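This report concerns only the one structure given below.
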Amino acid sequence: MNIFNTYRDYIENSIENLIAAGTLPAGLDSSRITVEPPRDPAHGDVSTNAAMVLAKPAAMKPRDLAEQIAARLREIEGVESVEIAGPGFINLRLGNSVWHQCLEAAIGLGKSYGDSDHGGGRRVNVEYVSTNPTGPLHIGHARGAVFGDVLASLLAKAGYTVTREYYVNDAGSQVDTLARSAHLRYCEALGRDIGEIPEGLYPGNYLKPIGRELADMNGDKWLDAPESDWLAEIRTFAIESMMALIREDLAVLGVHQDVFTSERKLVESGMVDEVLKTLEAMGHIYTGTLEPPKGRKPDDWEERPQTLFRASDFGDDIDRPLKKSDGSWTYFASDIANHLDKYRRGFTEMIDVWGADHAGYVKRMQAAVKAISSGEAELDVKICQLVRLTDKGQPVKMSKRGGTFVTLRELVDEVGPEVVRFIMLTRKNDAPLDFDLAAVTAASRDNPVWYVQYASARCHSVRRMAAAAFPNHDMSLSALARTPISCLTDDAELGLIKAVAGWPRLIEAAAEAHEPHRIAFFLYDTAALFHGLWTKGKDDSSLRFVIEEDKELTMARQALVRGVETVIASGLGIFGIEPVEEMR
RNA sequence: GCGCCCGUAGCUCAGCCGGAUAGAGCACAGGAUUCCUAAUCCUGGGGUCGCAGGUUCGAGUCCUGCCGGGCGCGCCA
C-alpha cells in the first residue's frame, strides 16, 4: 500500500464532491494531478498540484479552488493541517499516527512489504544479455545482465508477470567463425602445430577444451576434411558449449533467464520469411536504393536495390534493409521475427536491454515492433553505457592477446557477485559507469554497498543487544507489529519512519520508469538516516535504541529497527543481495 | 554529414512522466567517542543547472538552434 495513492484517492474524492456540488464542471482531466512528498519537508508530508492543474478548465483562480479542496481534505482523519502555498499548492501535514500505522503495516508484511499491484499482473518481457555465443562474457555484459535481471525483479515486485528472455544470436557469420576457430583447436588437440591463430578467428584459450572434446568424440575424421563436411556439426557443438559457458558466467553473477530464443531456429522455422510476407501484405516493404552514409562512405560501396522496411513511416530516420547482398537475412530481419514471436506469445510490453554500441538500432526496432503489432505493442529499449574499469583510479588494462577483455568471471572472482550487482546499479543506465576495484571493496561511506550493509549489520546488532537486555520478551515480527509505537516522536525517528513508509511508492515509481538504480539511491539515503539516528543516541542517551530501564520504549524502537531492516532486506532482495547481520 | 546518449558545486553524481529557496558523497575547514560497532555522525563554505531562444501560472526537467564529450551509421551482431 502506497500512502500517496491513498491520499490521491482522498483528493480525487474531494474533487468529485465539488463536481457533484456544482462547484466544478464535470469531465475534468485528472491525469496531470500529482500527489507526492514535497521536496522541502517544511512544506508538509503530502503535496498536490490539483488546484493549479484544474484551475484553468474550471475557470477558477487556483487559490480559490485550492481552498475549496482543502476544506474537504481537512475533514479526513489523520490530516493534521492543510495549507495553501505559493501559486496554489495544497500541502497536507499528517499526524504521527498515520506514519506509525505505516510502520506497523511494514513490519506486519515483512518480506512482502513494498509488493504492489501496480502492474495488475500484466505480462512484460525483459530481454537482456543476448550476446553472440562466441565466448565468455566480459565486464560490459555484466552491466546489462545485472540491469536486466534487477529490472525484471523490480517489475515482478511491482505486480507485473515477468518473463526473462535471452535472444541467442546463433545465425550470423560470427558463429561460423566460431566453428572455424573450434576446428583449429580440434586440429591442435590432435597434435597438429597450429602456430599463431590467423587474423579473423577467435584466439581465446577458452576454445581449447572445445577442441579437445571434439577430438575425443570424433577422432581425426575432420582433420583434413573440407569445411563443408564439418562446419554445421562443429558449429552446433560449439554454440552449445558457448551457451553453457555463458550460462555459467551468468549463474556466477546470480542471473537466470526463463526463455532462450534461438535466432537460427527462427530462421529455420520460416518465421523470418513469414515476417517478410506479413510486412509485405501490410505494405511496409518495398525495393529501393539507399543513400550511402555521408562522410563515412565505405570503400566498397556499390549502389544496388534492396529489400527495405519502411521504418521511416514509424519514426525512424531512413528505411532499413532486410537482406544482405548474398540474399540472406540481415540481423535486423531476424530480430523483427524475434519480436514478432514475443508478440505472438502474448507480450504487448517488451523491454530490451542493449549495450551502448546498439544505440543507433533503437528507432528501427521500435518502428518494427509498431509495424508488426499494428501499434498494439510497445518496446522500450534501455541502453547501458560503458563501464570504465579502474583500480585506485588507474585504468585496468584489457588484454586482447588472451582473446578476452576483462571477463565477467574475473570481475566476480575479484570483488564478489553482490558487489558487482550493487555497483552496476549506482548509475542511471544511460550514463557511463566508473567501476573502481579498490573503491567498491573499501569500508567507507564512499562505497554504497558497504554503507548499506553496515546499516543492516547495525540493525541486527541492536536486535542482539535488545534481546540480551530483555531476554524473556517476545520480539518476533508479529509481536513487534502489535507493540505500541506512539512514543516514537523525535524528528529523526519520524524521518526514518517516513523513509520506510515511502518504500512502496519508490517501487512503483522505479518500476514505472524502468529505473532500478533508484533503489540503490533509496537504500543509501535510508541507511544515512539510520546511521544519523544511531549517532544521535551518542549525544542524547534517551534516543538510544536499547534503554534497559524502559522496556516499552525499547520495543517501540525495535519495531522501527525492524522496519528499516525490512526495507533494506527488501531492496537488497530485488538486487539479489543477502543483507549481512554482522560486520567483521 | 546524419542519428542516439550525456553536459548540474573543484571531483563523482541524484533530482521522482514541469512544481515552491536545485540536493548528496568526495575534497576542504571545524566539531562529536567513559555509552547499542566512530569503518560512523554533526556543522560550515562552495552553483549564470554548457550557451541562446521558445512553450506556460511555473523549466535543471518539454521544444528549437548552437557549443563540448561519448557511441554508432547497407553487405557485423
Side-chain angles (χ1 to χ4, degrees), chain A residues 32 34 36-40 42-43 47 49 52 55-56 61-62 85-89 91 130-132 134 169 171-175 263 289-298 300-304 306 308 316-318 320-321 323-328 330-332 334-335 355-363 383 385-386 426-428 430-432 434 442-448 450-451 454-455 457-458 461-466 468-469 505-506 508-510 512-513 515 517-518 521-522 524-525 528 531-539 541 544-547 557 561 582-584:
Chain A
R32 285 182 58 221
T34 59
E36 56 190 9
R39 289 186 178 173
D40 184 350
H43 292 136
S47 179
N49 63 355
M52 291 182 288
K56 194 174 262 184
K61 286 182 183 167
F89 288 103
N91 293 330
S130 296
T131 65
N132 310 318
T134 56
N169 300 158
S173 61
Q174 296 186 355
V175 287
E263 180 186 4
T289 311
L290 283 178
E291 297 277 312
K294 284 180 180 136
R296 198 191 155 278
K297 186 171 174 175
D300 57 349
W301 178 273
E302 60 179 285
E303 226 174 56
R304 64 180 182 83
Q306 288 178 292
L308 298 174
D316 200 358
D317 310 295
I318 57 169
R320 304 291 179 175
K323 276 189 178 176
K324 302 180 192 172
S325 52
D326 67 0
S328 65
T330 58
Y331 177 76
F332 179 49
S334 47
D335 209 7
D357 54 344
H358 285 56
Y361 191 74
V362 173
K363 277 191 183 177
I383 296 292
Q385 286 295 334
L386 303 179
T426 53
R427 290 288 175 268
K428 284 179 297 206
D430 48 16
D434 286 311
S444 83
R445 187 169 185 165
D446 295 344
N447 176 2
W450 177 86
Y451 189 73
Y454 187 29
R458 275 188 157 171
S461 167
V462 170
R463 232 215 261 192
R464 289 189 292 269
M465 297 304 292
R505 179 175 187 269
L506 184 103
E508 291 178 1
E512 179 80 32
E515 289 185 348
H517 76 275
R518 292 192 199 183
F521 286 91
F522 177 87
Y524 186 81
D525 291 342
H531 289 309
L533 177 56
W534 173 285
T535 311
K536 254 189 138 181
K538 297 276 184 192
D539 298 331
S541 57
R544 290 162 58 90
F545 289 104
V546 179
I547 296 179
R557 290 195 175 143
V561 168
E582 225 176 337
M583 285 269 171
R584 292 199 188 87

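Residue numbers start from 1 in every chain, and the chains themselves are labelled A, B, ... in the order their sequence lines are given, proteins ahead of strands. Remember, predicted model here, so these are calculated numbers, not experimental data.
- Nearer the 5' end of RNA chain B, as judged by each residue's closest nucleotide, is the contact made by A:Ser541, out of A:Ser541 and A:Asp326.
- Using a 4.0 Å heavy-atom cutoff across all strands shown, A:Tyr361 reaches at least one base atom of the nucleic acid.
- Between B:rU12 and B:rG30, the distance separating the two C1' atoms is 24 Å to the nearest Å.
- Atom name C1', nucleotides B:rG47 and B:rC2: the rounded distance is 35 Å, in whole Å.
- When heavy atoms are screened at a 4.0 angstrom cut-off, A:Glu512 is found touching no nucleic acid atom at all.
- Spacing between B:rC49 and B:rC6 at atom C1', rounded to whole Å, works out to 14 Å.
- Distance noted for atom C1' between B:rC13 and B:rG54: 30 Å (whole Å).
- Side-chain N/O atoms of A:His517 and base N/O atoms of B:rA14 include no donor-acceptor pair closer than 3.5 Å.
- Rounded to whole Å, the P atom of B:rG68 lies 35 Å from the corresponding atom of B:rC26.
- Between A:Lys428 and A:Arg464, it is A:Lys428 whose nearest contact on RNA chain B lies nearer the 5' terminus.
- For A:Lys538, taking side-chain heavy atoms from C-beta onward, the closest of the listed nucleotides B:rU37, B:rA77, B:rC36 is B:rC36.
- In terms of heavy atoms, A:Val546 sits closest to A:Met465 at CG2-CB, 4.0 Å.
- Separating the P atom of B:rA52 from that of B:rG46 is a span of 23 Å, rounded to the nearest Å.
- Put simply, the side chain of A:Arg505 and the base of B:rC16 share a donor and an acceptor less than 3.5 Å apart.
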Please, what dot-bracket string fits RNA chain B when only Watson-Crick and G-U pairs with both distances under 3.5 Å count, crossing ones use [ ] and pairs to another strand use |? (((((((..((((.....[...)))).(((((.......))))).....(((((..]....))))))))))))....
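- A 4.5 Å side-chain heavy-atom check between A:Gln306 and A:Arg320 finds every atom pair outside the cut-off.
- The heavy-atom pair separating A:Lys61 from A:Ala55 by the smallest distance is C-CB, 4.4 Å.
- In this structure, A:Val362 reaches neither bases nor backbone, as no heavy-atom distance under 4.0 Å exists between it and the strands shown.
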Would you tabulate the nitrogen or oxygen pairs shorter than 3.5 Å linking the protein to nucleotides 19-24 of chain B?
residue	atom	partner	partner atom	Å
B:rG19	N7	A:Asn49	ND2	3.4
B:rA20	N6	A:Ser47	OG	2.6
B:rA20	N6	A:Asn91	OD1	2.6
B:rA20	N1	A:Asn91	OD1	3.3
B:rA20	N1	A:Asn91	ND2	2.8

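- Residue-level contact check: A:Lys536 touches neither bases nor backbone, having no heavy atom under 4.0 Å from any strand.
- Ring orientation note: the planes of A:Trp534 and A:Phe545 are tilted relative to one another, at an angle of 30° to 60°.
- Side-chain proximity of A:Arg304 to B:rG74, B:rC76, B:rU12: nearest is B:rG74.
- Counting non-hydrogen atoms under 4.0 angstrom, A:Pro37 reaches a base of the nucleic acid.
- One C1' atom belongs to B:rU33, the other to B:rC28, and the distance between them is 23 Å to the nearest Å.
- Side-chain contact check for A:Lys363 versus A:Asp317: some heavy-atom pair is nearer than 4.5 Å.
- For A:Gln174 and A:Asn132, the side-chain atoms include at least one donor-acceptor pair closer than 3.5 Å.
- Between A:Tyr451 and A:Ala528 the shortest heavy-atom distance is OH-CA, 3.2 Å.
- Remark: the separation of the P atoms in B:rU8 and B:rG60 is 15 Å, to the nearest Å.
- For the residue pair A:Ala442 and A:Asn447, the shortest heavy atom distance occurs at O-ND2, 2.7 Å.
- Classification of A:Arg518 and A:Glu515 as a salt-bridged pair holds, one side-chain N sitting under 4.0 Å from a carboxylate O.
- For A:Arg544 against B:rC35, a side-chain-to-base donor-acceptor contact under 3.5 Å is present.
- No hydrogens or angles considered: nothing links the side chains of A:Arg427 and A:His517 as a donor-acceptor pair under 3.5 Å.
- With B:rU40, B:rC4, B:rA77 as the choices, the nucleotide that has an atom nearest any side-chain atom of A:Gln174 turns out to be B:rA77.
- For A:Ala443, the side-chain atoms get nearest to B:rA39 when compared with the rest of B:rC41, B:rA39, B:rC71.
- Between the side chains of A:Ser334 and A:Glu263, at least one donor N or O sits under 3.5 Å from an acceptor N or O.
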